[in-house]
Novice: 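Encoded as structure tokens, here's the structure I'll be asking about.
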Amino acid sequence: PSSSTATFSTTVSPALPSPTATALKLEAARPHVEQRPEHVQVRGPQRALVAACVGNLVEWYDFAIFGALATIIANTYFPSEDTTASRLATFAVFATAFLFRPVGAVLFGRRGDRLGRRRVLAFVIILMSLATTGIAVLPGHASVGLVAPVLLILLRAAQGISVGGEASGASAFVVEYAPAGQRGWYGAWLWATVALGLGVGVGVAAVLARLLPPSVLDAWGWRLAFLAALPLGLTGLYLRLRLDETPPFRNVQQIGALAA
């Protein structure tokens with residue numbers, strides 16, 4: 001009886017692992033976290049919100065000044081004795097950007113899931129700044145003929161693609177960075193800067209019209225509003241490059257579950 005009791009106790013009572021062995025196993029199972037480059041710093045949610053909103057404002061400023069200066073653009077790129085036809089052609093080009101916005105949203109939304117929000121937001125603000133600056137230096141119809149309105153349409157399409165990517169990417173970026181319970185609040189700030197950017201664009205056009213003589217405004221003064229997109233875009237780009245990817249995206253990176 002004593003030997004059978006000893007055998008039974010040995011069978012049902014295996015030796016417990018030591019605390020050291022358990023700690024080593026947990027350490028081995030912990031996912032590896034890559035070291036971030038030194039030039040990339042992890043900022044708080046508020047820094048992320050400011051960077052996203054400033055870039056968003058710049059995007060919509062660039063988008064708005066075309067409409068605010070449409071009558072002057074009509075005379076530069078669609079000269080005609082029929083002013084109504086000239087302005088309708090200009091507003092048709094203005095509408096081109098709206099047609100390409102869904103393209104930008106789908107294209108850059110997918111890229112954001114694969115490459116990261118930060119990269120996409122940096123790219124779209126570069127695209128918008130270059131397209132807007134391109135309009136600023138684009139020769140008129142009197143200089144290059146039909147090439148001018150064709151290039152204007154292409155640049156406006158690039159603006160639409162950029163704004164589409166901005167809308168989808170910035171929304172995801174801000175919401176993913178937002179603290180728990182404040183996602184709606186953070187998202188609201190992002191869309192408030194849409195109206196602010198549109199207002200700034202219209203305001204800049206109004207100031208130029210107030211300060212410059214009509215002949216100067218029609219000749220070259222209107223281009224100043226578009227040239228301002230370059231320093232504004234560089235500012236927004238700098239702020240965005242100082243941020244890291246969103247915490248959810250970094251978590252997905254660590255487990256290797258990015259979208260194919």
Side-chain angles (χ1 to χ4, degrees), residues 29-60 62-63 96-132 154 156-194 197 233-260:
R30 184 177 300 170
H32 175 68
V33 180
E34 295 182 357
Q35 295 295 326
R36 300 181 186 93
E38 294 182 358
H39 68 280
V40 178
Q41 303 179 19
V42 180
R43 304 297 186 182
Q46 293 181 351
R47 291 284 185 91
L49 179 62
V50 170
C53 286
V54 169
N56 198 49
L57 186 151
V58 172
E59 289 264 354
W60 286 97
D62 294 350
F63 195 81
T96 301
F98 291 91
L99 297 177
F100 280 89
R101 280 179 62 185
V103 177
V106 173
L107 178 63
F108 290 115
R110 184 65 172 172
R111 294 296 183 274
D113 290 338
R114 295 181 57 191
L115 305 177
R117 319 294 186 198
R118 173 175 167 272
R119 289 186 182 182
V120 166
L121 290 178
F123 182 83
V124 295
I125 200 170
I126 292 173
L127 177 62
M128 174 62 86
S129 300
L130 292 179
T132 307
L154 294 177
R156 186 61 182 170
Q159 286 185 320
I161 292 174
S162 176
V163 165
E166 173 73 21
S168 61
S171 298
F173 185 83
V174 167
V175 170
E176 290 179 2
Y177 247 117
Q182 298 186 37
R183 292 179 178 177
W185 174 250
Y186 272 57
W189 275 106
L190 180 69
W191 288 101
T193 56
V194 173
L234 291 175
T235 301
L237 178 63
Y238 172 79
L239 291 175
R240 289 181 172 183
L241 291 179
R242 299 297 295 173
L243 294 171
D244 201 351
E245 290 293 352
T246 64
F249 186 84
R250 294 200 305 270
N251 293 338
V252 173
Q253 275 185 316
Q254 291 172 12
I255 63 176
L258 297 179

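Because the structure is predicted, anything quoted here is derived from the model rather than measured. Residue numbers count from 1 along this sequence.
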Novice: Does a sphere of radius 6.0 Å around CD in Gln46 hold more than 12 heavy atoms from other residues, nucleotides or ligands, not counting ones at 6.0 Å or beyond?
Specialist: no
Novice: So, the side chain of Arg118 versus the backbone of Asp244: is there a donor-acceptor pair under 3.5 Å, distance only?
Specialist: no
Novice: Which heavy atom of Ala51 sits nearest a heavy atom of Leu239, and at what distance?
Specialist: CB-O, 3.8 Å
Novice: Report yes or no: is the cationic atom of Arg183 (NZ for Lys, CZ for Arg) closer than 6.0 Å to the six-membered ring centre of Tyr177, at no more than 45° off its axis?
Specialist: no
Novice: Can you see which heavy atom on Gly160 is nearest to which on Phe63, and at what distance?
Specialist: CA-CE1, 4.5 Å
Novice: Determine whether Phe108 and Ile161 make a side-chain contact, defined as any pair of heavy atoms from C-beta on separated by less than 4.5 Å.
Specialist: yes
Novice: Can you name the closest pair of heavy atoms from Ala52 and Phe173 and give their distance?
Specialist: CB-CD2, 4.2 Å
Novice: Is any side-chain heavy atom of Pro179 closer than 4.5 Å to a side-chain heavy atom of Tyr186?
Specialist: yes
Novice: Where the side chain of Arg117 meets the backbone of Thr246, is there a donor-acceptor pair that is under 3.5 Å apart?
Specialist: no
Novice: With rounding to the nearest 0.5 Å, note down the distance linking CZ in Arg242 to CZ in Arg47.
Specialist: 9.5 Å
Novice: CZ of Arg101 to CG of Leu99: how many Å apart, nearest 0.5 Å?
Specialist: 11.0 Å
Novice: Are there more than 12 heavy atoms of other residues, nucleotides or ligands under 6.0 Å from atom OH of Tyr238?
Specialist: no
Novice: Quick check: does any side chain N or O of Ser129 sit under 3.5 Å from a backbone N or O of Ile125, one acting as donor and the other as acceptor?
Specialist: yes
Novice: Output the distance between atom CD (Glu176) and atom CZ (Arg250), rounded to the nearest 0.5 Å.
Specialist: 10.5 Å
Novice: Write down the atom of Leu121, the atom of Gly169, and the distance for their closest heavy-atom approach.
Specialist: CD2-C, 3.7 Å
Novice: What's the spacing between Trp189 CH2 and Asn56 CG if we round to 0.5 Å?
Specialist: 13.0 Å
Novice: Calculate, to the nearest 0.5 Å, the distance between atoms CG and CD belonging to Leu115 and Glu245 respectively.
Specialist: 9.0 Å
Novice: Search all heavy atoms of Arg156 against all heavy atoms of Asp62 and return the closest pair with its distance.
Specialist: NH1-O, 4.5 Å
Novice: Return the minimal non-hydrogen interatomic distance between Ala105 and Ser168, and the atom names on each side.
Specialist: O-OG, 3.6 Å
Novice: Spell out, as yes or no, whether a donor-acceptor pair under 3.5 Å connects the side chain of Thr193 to the backbone of Leu190.
Specialist: yes
Novice: Which distance, rounded to the nearest 0.5 Å, do you find between the CD of Gln159 and the CD of Glu166?
Specialist: 13.0 Å
